[in-house]
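Quick notes on the structure that follows.
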Amino acid sequence: MVIKIPRGKQPEITLPQTSALNVSALNAVSPVMNRLSGFLDSVSKEKQANDLRLENQRILNKVTKNKSLLADIGAEWLQKEVIEHPDVLTKDNYDSLYGKFVKDQEKWMGTQFHNDPQALEMFESEFYEIMTDVRKNIDHQKNKRILAESQVSYDLHRQEINNEITNLSASEDIWISRDILIQKEHSKFLESNEVGLVIDLPKRIEWLNFEVWKQAVSGEKVRTSLATGEEVVDYEAVFQELNATGENKKTEWYGEPITEEIRARLLTWSREKANEQNAVEDKAVIRINNESYMKNIDGILQGKVTIDDLREENFIGINGEELRNALIGLVQRRQVGQIVTD
């Protein structure tokens, strides 16, 4: 057999680009797989980030909730052990109570955050901040109670001083009594100052001195009240003595010289007291006189009231005498037949 070989240029032979493994198809799928892998990785990271956010929020919620609970526990404990306790305790007593309270709350914290170490770690700083606030509030409430009790004590002291001044007798001893009262004020001031109770000592002593002077100038000036029949200070007489001039002007009471500043204040005081006293008595006198007048009218018309009865009747002052005379006139007119009744 003869094999013929073609002469001239031969056509280029192109080898196939594929094989039985379909390499071209794999090259087409690869970008899709890459994108899918990237998407899944992104989703995974977002999920992790979201899970972390949720966990952080869970921890924050738990910490916030228990912080509020602990604050309430602390407030209730303060109310019971400090504010409402019958007595103000010593610092050592409060330290002991506080130490026990902290230990109890540490146990409570361990229970609340059992098997939750991350939340516990975050809560611990809040816990000790609240415990510190409780300690501060113990001192605050203690001082507040001491101050309040000191105020009550001082108010009682003032009442005692007022009573002692009221009971002072107008005599040479009144000034010795005044000096003793001033010394009591000094002592109470020092005692109150130690606990922070603010007292204006100079003003207090000025008040005390003036009150004693009131007793000194009015002690011997008394009269019977027209309204009540009781013995009362005659403030009009007090004013007149203080206001006297020339030879009648007094310059001292029971050996104590009076300053013009004290005199001026006492004049104002006694004038006001006299006006008040006169106004009250005037109203009472008018009421008493009117009652006496009205209760005798019917008796006069019926012939049951005599002139002697009217002279014994309780009429007060000039107005009372005018009413008495008017009633006596009615009796006299009835006796002569000028008043006729059925």
Side-chain angles (χ1 to χ4, degrees), residues 82-94 139-223 225 230-239 241-243 249-274 276-277:
V82 180
I83 298 174
E84 296 180 354
H85 195 281
D87 301 310
V88 178
L89 305 181
T90 65
K91 182 180 183 300
D92 289 342
N93 290 144
Y94 281 126
D139 295 334
H140 174 71
Q141 293 298 334
K142 173 187 175 183
N143 293 338
K144 188 176 178 180
R145 282 194 61 179
I146 291 175
L147 188 61
E149 292 182 5
S150 297
Q151 182 65 60
V152 171
S153 175
Y154 184 68
D155 290 343
L156 291 174
H157 160 78
R158 290 180 62 177
Q159 187 59 50
E160 290 174 1
I161 293 293
N162 290 346
N163 292 338
E164 290 190 49
I165 292 174
T166 301
N167 294 326
L168 288 177
S169 298
S171 66
E172 288 79 4
D173 293 338
I174 196 170
W175 309 116
I176 296 175
S177 298
R178 177 196 59 185
D179 294 341
I180 292 173
L181 293 176
I182 289 175
Q183 185 57 48
K184 287 184 178 181
E185 284 297 318
H186 274 286
S187 299
K188 197 63 179 178
F189 167 77
L190 295 175
E191 176 187 317
S192 301
N193 191 54
E194 288 182 358
V195 297
L197 186 63
V198 179
I199 297 173
D200 189 338
L201 183 60
K203 185 176 180 179
R204 179 68 181 167
I205 292 176
E206 179 186 357
W207 169 87
L208 191 154
N209 183 56
F210 187 63
E211 292 300 308
V212 173
W213 266 105
K214 288 180 184 179
Q215 292 295 108
V217 299
S218 62
E220 295 180 351
K221 299 294 185 293
V222 295
R223 64 174 174 80
S225 171
E230 297 177 354
E231 189 176 85
V232 296
V233 174
D234 188 345
Y235 290 108
E236 186 64 40
V238 172
F239 174 80
E241 184 174 56
L242 285 164
N243 201 38
K249 183 176 182 179
K250 290 185 67 172
T251 58
E252 63 178 45
W253 269 259
Y254 307 110
E256 179 81 359
I258 186 172
T259 66
E260 288 306 307
E261 187 267 337
I262 289 291
R263 185 191 299 274
R265 291 177 62 191
L266 287 170
L267 280 168
T268 300
W269 164 76
S270 58
R271 180 72 276 161
E272 290 176 353
K273 295 295 289 186
E276 291 172 7
Q277 190 176 58

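Worth saying up front: this structure is predicted, and the values here are computed from it rather than measured.
Judged by distance alone, the side chain of Tyr254 and the main-chain N or O of Asp173 form no donor-acceptor pair under 3.5 Å. In terms of modelled atom types and a separation under 3.5 Å, the side chain of Asn243 and the main chain of Phe239 share no donor-acceptor contact. No donor-acceptor pair under 3.5 Å is formed between the side chain of Asn209 and the backbone N or O of Ile205. Looking at Arg223, its side chain never comes within 3.5 Å of a backbone N or O of Ala237 through a donor-acceptor pair. Although no hydrogens or angles enter the test, the distance criterion places a donor-acceptor pair under 3.5 Å between the side chain of Thr166 and the main chain of Asn162.
A ring-ring contact (aromatic ring centres under 6.0 Å, His included) check over residues 159-191, counting only residues at least two apart or in different chains, returns the pairs Trp175-Trp213. Each salt bridge (Lys or Arg N to Asp or Glu O under 4.0 Å) pair with one or both residues in residues 150-162, not counting sequence neighbours, would appear here, but there are none.
Heavy-atom minimum distance, Gly219 versus Ala170: CA-CB, 3.7 Å. Summarising the geometry of Val238 relative to Ser270, their closest heavy-atom pair is CG1-CB, 3.9 Å, with the distance given to 0.1 Å. Closest approach of Val82 and Tyr94 over heavy atoms only: CG2-CE2, 4.0 Å. The heavy-atom pair separating Thr90 from Lys142 by the smallest distance is C-NZ, 4.3 Å. Of all the heavy atoms in Arg145 and Ile83, the pair that sits closest is NH1-O, 3.6 Å. For the pair Lys221 and Glu241, the tightest heavy-atom approach, listed with the atom from each and the gap, is NZ-OE1, 3.0 Å.
Put simply, CG on Leu197 and CD on Glu149 are 12.5 Å apart, with the number rounded to the nearest 0.5 Å. Here the NE2 atom belonging to His157 is positioned 7.5 Å from the CD1 atom belonging to Ile199, to the nearest 0.5 angstrom. To the nearest 0.5 Å, the span separating OG on Ser153 from CD1 on Ile146 amounts to 12.5 Å. If you take CG on Leu147 and OG on Ser192, they are separated by 9.5 Å, rounding to the nearest 0.5 Å. From Lys188, atom NZ reaches atom CG of Asn193 across 13.0 Å, with rounding to the nearest 0.5 Å. For the atom pair Leu242 CG and Thr268 OG1, the distance stands at 10.5 Å (nearest 0.5 Å).
With sequence neighbours left out, the side-chain contact (heavy atoms from CB on, under 4.5 Å) criterion links Ser177 to Leu168.
Lys144 NZ: 12 or fewer foreign heavy atoms inside a 6.0 Å radius.
Ion pairing between Lys203 and Glu206 fails under the 4.0 Å rule for side-chain N and carboxylate O. Under the 4.0 Å criterion applied to side-chain N and carboxylate O atoms, Lys184 and Glu164 are assigned as salt-bridge partners. A salt bridge between Glu236 and Arg271 is present, with a side-chain N of the basic residue lying under 4.0 Å from a carboxylate O of the acidic one. One finds a salt bridge joining Glu211 and Lys214 here, because a Lys/Arg side-chain nitrogen approaches an Asp/Glu carboxylate oxygen to under 4.0 Å.
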Exercise for review: Take Arg204 and Leu208, measure what side chain to side chain contact (heavy atoms under 4.5 Å, CB included) needs, and give me the verdict at the end.
Suggested key: CA-CA 6 Å; Arg204 179 68 181 167; Leu208 191 154; 5.6 Å; no
Practice item. Could you walk me through whether Leu266 and Ile258 pass the side chain to side chain contact (heavy atoms under 4.5 Å, CB included) test, one step at a time? Key: CA-CA 10 Å; Leu266 287 170; Ile258 186 172; 3.9 Å; yes
